[in-house]
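Treat the numbers as computed from the prediction; the structure is a model and nothing was measured.
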Amino acid sequence: MKERVQRTVSPVDGSVYVERELASAARIENVLERAVAAQESWKQVPVRERARLCIAMAAWCVERSQALAQELTWQMGRPLTHTPLELQRGFHERAAYMAGIAESTLVDIDIEPRDNFER
């Protein structure tokens, strides 16, 4: 039987950074079912609260930027000197901006009715 392992090879030095057993079809199906259920629940959360949670997630990443930088560097090959700043500035700024405009840009809009067509 063919080995069912995913290997992440680091571009830093070509070494295997991590190995993980591939998920079975049943496991994948279970995770997808749980994701659909989670999305049903998530869409009931008001946009303002979703945005607040996204901002908190981004802050969590910034607080851990040194440790996350190590992971990103070994997995992507980006120089370690650049990665923490990418998390602290670029990523954080984009996340905050998108969360900040979420309420105004994700509002429902009314579109005029059209015969035999549901919008």
(message) Are the side chains of Leu80 and Gln70 in contact, using a 4.5 Å heavy-atom criterion?
(response) yes
(request) Find out whether Glu19 and Val16 are in side-chain contact, i.e. whether some heavy atom of one side chain is under 4.5 Å from a heavy atom of the other. (result) yes
(request) Nearest 0.5 Å please: distance from the OG1 atom of Thr73 over to the NE2 atom of His82. (result) 9.5 Å
(message) Are Trp74 and Asp13 packed together at the side-chain level, in the sense that at least one heavy-atom pair is separated by less than 4.5 angstrom?
(response) yes
(message) I'd like to know whether CD of Glu21 has more than 12 heavy-atom contacts from other residues, nucleotides or ligands below 6.0 angstrom.
(response) no
(message) Donor-acceptor pair, distance only, cut-off 3.5 Å: does the side chain of Ser65 make one with the backbone of Leu87?
(response) no
(request) Could you tell me whether the side chain of Arg50 and the main chain of Val45 form a donor-acceptor pair under 3.5 Å? (result) yes
(message) Any heavy-atom pair between the side chains of Tyr17 and Glu71 that's under 4.5 Å?
(response) yes
(request) Indicate whether any N or O donor in one side chain lies under 3.5 Å from an N or O acceptor in the other, for Ser15 and Ser10. (result) no
(request) Kindly indicate whether the side chain of Glu33, heavy atoms from C-beta on, has any atom under 4.5 Å from the side chain of Val36. (result) no
(message) Using the rule that Ile, Leu, Val, Met, Phe, Trp and Tyr join whenever any side-chain heavy atoms are under 4.5 Å apart, tell me whether Leu68 and Val18 fall into a single cluster.
(response) no
(request) Work out which heavy atom in Gln44 is nearest to a heavy atom in Glu40; give both atom names and the distance. (result) CG-O, 3.5 Å
(request) Please tell me if the side chains of Gln66 and Gln88 come closer than 4.5 Å, counting only heavy atoms from C-beta onward. (result) yes
(request) Would you check if the side chain of Thr83 reaches a backbone N or O of Pro79 as a donor-acceptor pair within less than 3.5 Å? (result) yes
(request) Assess the side chains of Thr8 and Gln6: does a donor N or O sit below 3.5 Å from an acceptor N or O? (result) yes
Could you pull out every donor-acceptor pair under 3.5 Å between side chains of residues 89-107 and any protein atom, sequence neighbours left out?
from: Arg89; atom 1: NE; to: Glu93; atom 2: OE2; distance (Å): 3.0
from: Arg89; atom 1: NH2; to: Glu93; atom 2: OE2; distance (Å): 3.2
from: Arg94; atom 1: NH1; to: Gly90; atom 2: O; distance (Å): 3.2
from: Glu103; atom 1: OE1; to: Arg48; atom 2: NE; distance (Å): 3.1
from: Glu103; atom 1: OE1; to: Arg48; atom 2: NH2; distance (Å): 3.2
from: Glu103; atom 1: OE2; to: Arg48; atom 2: NE; distance (Å): 3.4
from: Glu103; atom 1: OE2; to: Arg48; atom 2: NH2; distance (Å): 3.3
from: Ser104; atom 1: OG; to: Ile101; atom 2: O; distance (Å): 3.2
from: Thr105; atom 1: OG1; to: Ile101; atom 2: O; distance (Å): 2.7

